[in-house]
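Everything on this sheet refers to the single structure shown next.
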Amino acid sequence: MRRHPGGAADFRAVLPGHLITAVRRRGKYLWWALDDGDAVIAHLGMSGQFRVNGSPAPSLPPAPGEAPSVTEAIRHPHLRIRFTFDDGGPDVDFLDQRTFGGMSFAPGGADLPQEIAHIARDPLDPDFSLIAAVAAIRHKHTEIKRALLDQTAVSGIGNIYADEALWRVKLHGARPTEKLTRAQGRAVLTAAAEVMDEALAQGGTSFDALYVNVNGASGYFDRSLAAYGQADRPCPRCGTPIRREPFMNRSSFSCPRCQPRPRPARGH
DNA sequence: AACCACACCTGTTCGC
DNA sequence: TGCGAACAGGTGTGGT
């Protein structure tokens with residue numbers, strides 16, 4: 001509840017009596033649209049997950065002094081919020097190990113919460129405009145990978161899918177956006193959409209208990225990654241060992257041969 | 001206005 | 001064996 005004004009007590013107080021009428025997303029944000037026009041926003045951050053109660057998870061006894069939960073259901077060490085419904089449906093749990101994720105209540109936010117309005121549509125959104133996204137990226141004065149991670153031109157792309165998309169179109173992430181051709185812009189965004197499509201078909205990327213669907217199942221797209229996390233392993237295209245470079249306090253992975261660094265811009 | 005470094009987090013792995 | 005450092009990374013914020 002770090003971002004919810006009023007904190008946990010207020011969040012708990014405003015929810016009862018609402019009916020969820022739709023579930024929507026914008027980039028990596030999700031929200032429940034409520035019948036009176038309000039919304040319940042969620043972002044999974046790095047390690048957040050929604051779980052439908054009854055799905056397998058490591059169990060833990062109630063904390064000392066705490067009564068057993070009403071449902072006698074899963075007590076998970078990273079359980080942060082439990083939603084119960086009076087229509088008899090299963091509980092929904094919000095779990096988060098590293099707490100980069102969170103939830104908040106957004107009055108009037110059913111269509112699009114104002115705190116999310118700056119997030120662009122993602123490539124899988126039915127209303128995504130490739131033309132507009134390419135124009136927005138080329139308009140920026142930065143490097144292509146930074147533009148991909150910045151969610152205001154195109155959303156939904158994180159460190160993994162940025163590296164995979166750049167590898168597919170043979171571009172180094174340090175390429176300046178203002179010198180990117182429209183064709184290159186279209187190509188990298190199309191590649192990003194394809195990577196995300198393929199990853200979704202396999203249930204997501206990480207084979208790890210942190211990254212699961214509402215039923216607790218993990219994906220296995222990590223076996224298909226060409227560049228990300230593949231340092232010193234051969235590029236699937238040319239065999240050159242994949243390189244790892246520090247980038248914004250994290251890492252970038254690329255093929256030194258397929259994705260040569262751009263020449264440093266020369267002053268005149 | 002636009003861009004960028006940084007804080008926020010916890011659990012795991014690595015090096016000494 | 002033990003301990004601290006490094007690492008994983010999305011986003012809001014404050015500084016430039």
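Below, chains carry the letters A, B, ... as their sequence lines are ordered, and counting in each starts from 1. Bear in mind the structure is a predicted one, so any value in this text is a computation, not a measurement.
Distance check, rounded to the nearest 0.5 Å: CG of A:Leu44 to CG of A:Leu30 gives 5.5 Å.
Nucleotide C:dT11 holds its C1' atom 16 Å from the CG atom of A:Leu148, rounded to whole Å. Here the C1' atom of nucleotide C:dA6 and the CZ atom of A:Arg244 are 9 Å apart, to the nearest Å. For A:Asp222 and C:dA8, the CG to C1' distance is 14 Å, given to the nearest whole Å. We find that CZ of A:Phe247 is positioned 13 Å from C1' of C:dG10, with the value rounded to whole Å. Atom CZ in A:Arg26 sits roughly 18 Å away from atom C1' in C:dG10 (whole-Å rounding). When rounded to the nearest whole Å, the span between CG of A:Asn159 and P of C:dT11 equals 12 Å. The interatomic distance linking A:Gln230 (CD) with C:dA8 (C1') rounds to 15 Å, in whole Å. Protein atom CG of A:Asp150 is 13 Å distant from nucleotide atom P of C:dG10, rounded to whole Å.
Within 4.0 Å (heavy atoms only), A:Ser251 reaches sugar-phosphate atoms of the nucleic acid but no base atom.
When the side chain to side chain donor-acceptor pair (under 3.5 Å) test is applied to A:Arg257, no partner is found at least two apart in sequence or on another chain.
Considering only the side chain of A:Tyr29, C:dG12 comes nearest among C:dC7, C:dG10, C:dG12.
At a cut-off of 3.5 Å, with distance as the only test, a side-chain donor of A:Asp96 or A:Ser47 sits close to an acceptor on the other residue. For the 3.5 Å distance criterion, the side chains of A:Ser252 and A:Arg244 fail to qualify, holding no donor opposite an acceptor. Looking only at atom types and distance, the side chain of A:Arg51 has a donor-acceptor partner in the side chain of A:Gln49 under 3.5 Å away.
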remark   = Nucleotide by nucleotide, nucleotides 4-15 of chain B touches protein heavy atoms under 4.0 Å in the pattern (B base, S sugar-phosphate only, - none) SS--BBBS----
Intermediate values then yes/no, side chain to side chain donor-acceptor pair (under 3.5 Å), A:Asp93 and A:His76 = CA-CA 10 Å; A:Asp93 288 346; A:His76 189 281; over 6 Å; no
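The phosphate of B:dA2 (OP1 or OP2) has no side-chain N or O of A:Lys140 nearer than 4.0 angstrom. Contact check, A:Gln151 against C:dT11: a side-chain N or O comes under 4.0 Å of OP1 or OP2.
Centroid-to-centroid, the aromatic rings of A:His18 and A:Phe105 come within less than 6.0 Å.
Using a cut-off of 4.0 Å between Lys/Arg side-chain N and Asp/Glu carboxylate O, A:Arg261 and A:Glu245 are scored as salt-bridged.
Listed in residue order, the members of residues 106-125 of chain A having a heavy atom less than 4.0 Å from DNA chain B come to none.
Checked by atom type and distance alone, the side chain of A:Thr205 never pairs as donor or acceptor with a backbone atom of A:Asp222 at under 3.5 Å.
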